Amino acid sequence: MNELLERVFKISGENTFACYQCGKCSSGCPLVEDMDITPNQIIKMIQLDDEHVLKSKTHWICASCLNCTHVCPRGVNVAGVMEALRLISLRKGVNKVDLRKAEEIERMPQIILVAAARKATG
């Protein structure tokens, strides 16, 4: 098992190899237009042990609305995988959403702010 896949599995409990890249998670995501990499591409990058996935802004934009998880025909909790990527990034000292910066808040969709606030309060 590759290192990134193992870390994601330990945190989320999700087997990303269950994903067969149908793209339903990406088509059901309300924030996909703001993402630099679509959710199904994120899963593929994890399968390929591509650490560049951690530099993506996608897992920071994910609002954990669970639309992706709901429409997945294989039952992959994509939102849980996104949360795992956020935790891995936070453990490396990387945080892309700073609620203390007004200029960032003004350009973000409200759903992102709500999700970030929930994560900040524990």
Side-chain angles (χ1 to χ4, degrees):
M1 189 181 298
N2 65 44
E3 185 180 329
L4 180 60
L5 180 73
E6 189 173 321
R7 287 186 287 166
V8 169
F9 180 76
K10 281 182 182 178
I11 295 169
S12 69
E14 289 301 312
N15 176 10
T16 56
F17 280 111
C19 173
Y20 57 77
Q21 297 294 308
C22 69
K24 286 185 178 185
C25 57
S26 298
S27 65
C29 178
L31 296 172
V32 74
E33 291 180 12
D34 295 316
M35 296 176 174
D36 55 345
I37 301 172
T38 63
N40 67 300
Q41 291 171 333
I42 291 284
I43 299 294
K44 188 63 174 179
M45 291 175 79
I46 294 168
Q47 291 172 343
L48 296 172
D49 198 29
D50 187 347
E51 292 275 338
H52 289 99
V53 72
L54 296 173
K55 295 179 181 176
S56 166
K57 67 179 187 176
T58 296
H59 55 278
W60 297 105
I61 290 175
C62 172
S64 300
C65 67
L66 302 175
N67 281 350
C68 52
T69 300
H70 178 71
V71 298
C72 180
R74 301 283 295 170
V76 176
N77 181 357
V78 180
V81 170
M82 295 294 184
E83 181 67 21
L85 292 175
R86 279 191 289 268
L87 288 172
I88 291 167
S89 297
L90 287 169
R91 289 174 183 170
K92 290 183 175 201
V94 177
N95 188 354
K96 299 280 184 177
V97 180
D98 189 351
L99 295 174
R100 296 171 293 183
K101 294 184 178 177
E103 64 275 4
E104 286 185 16
I105 291 173
E106 291 174 3
R107 64 182 168 80
M108 291 182 181
Q110 280 185 323
I111 197 165
I112 294 172
L113 299 175
V114 171
R118 286 181 182 157
K119 289 167 185 54
T121 58

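Because the structure is predicted, anything quoted here is derived from the model rather than measured.
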Partner set under side-chain contact (heavy atoms from CB on, under 4.5 Å) for A79, not counting sequence neighbours: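 With neighbours one apart ignored, the set is L66, C68, T69, N77.
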Hey, what do you get for [atom1] ([X]) to [atom2] ([Y]), rounding to the nearest 0.5 Å?
X	Y	atom1	atom2	value
S64	R86	OG	CZ	4.0 Å
E83	L90	CD	CG	8.5 Å
E14	R74	CD	CZ	12.0 Å
C62	M35	SG	CE	5.5 Å
K55	I37	NZ	CD1	11.5 Å
C65	L31	SG	CG	7.0 Å

Residue of the set L85, N15, L87 for which side-chain contact (heavy atoms from CB on, under 4.5 Å) holds with V8: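 Among the candidates, only L85 passes.
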Shortest non-hydrogen contact between V78 and C25, atoms and distance: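 In terms of heavy atoms, the two residues are closest at CG2-CB, 4.1 Å.
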Side chain proximity check, C22 to N40, heavy atoms < 4.5 angstrom: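 With C-beta onward as the side chain, the pair stays apart.
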N/O donor-acceptor pairs under 3.5 Å from side chains in residues 45-54, not counting sequence neighbours:
| residue | atom | partner | partner atom | Å |
| --- | --- | --- | --- | --- |
| Q47 | NE2 | T16 | O | 2.7 |
| Q47 | NE2 | C19 | O | 3.4 |
| D49 | OD1 | L4 | N | 3.1 |
| D50 | OD1 | H52 | N | 3.0 |
| D50 | OD1 | H52 | ND1 | 2.9 |
| E51 | OE1 | R7 | NH2 | 3.2 |
| E51 | OE2 | R7 | NH2 | 2.6 |

Check: K57 main-chain N/O paired with D36 side-chain donor or acceptor under 3.5 Å: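 Yes.
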Those residues that, when tested against S27, pass side-chain hydrogen bond (donor to acceptor under 3.5 Å, both in side chains) (two or more places apart):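 S27 satisfies side-chain hydrogen bond (donor to acceptor under 3.5 Å, both in side chains) with no residue once adjacent residues are dropped.
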Within one Ile-Leu-Val-Met-Phe-Trp-Tyr cluster: I88 and L5, side-chain cutoff 4.5 Å: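 In one cluster with I88: L5, yes.
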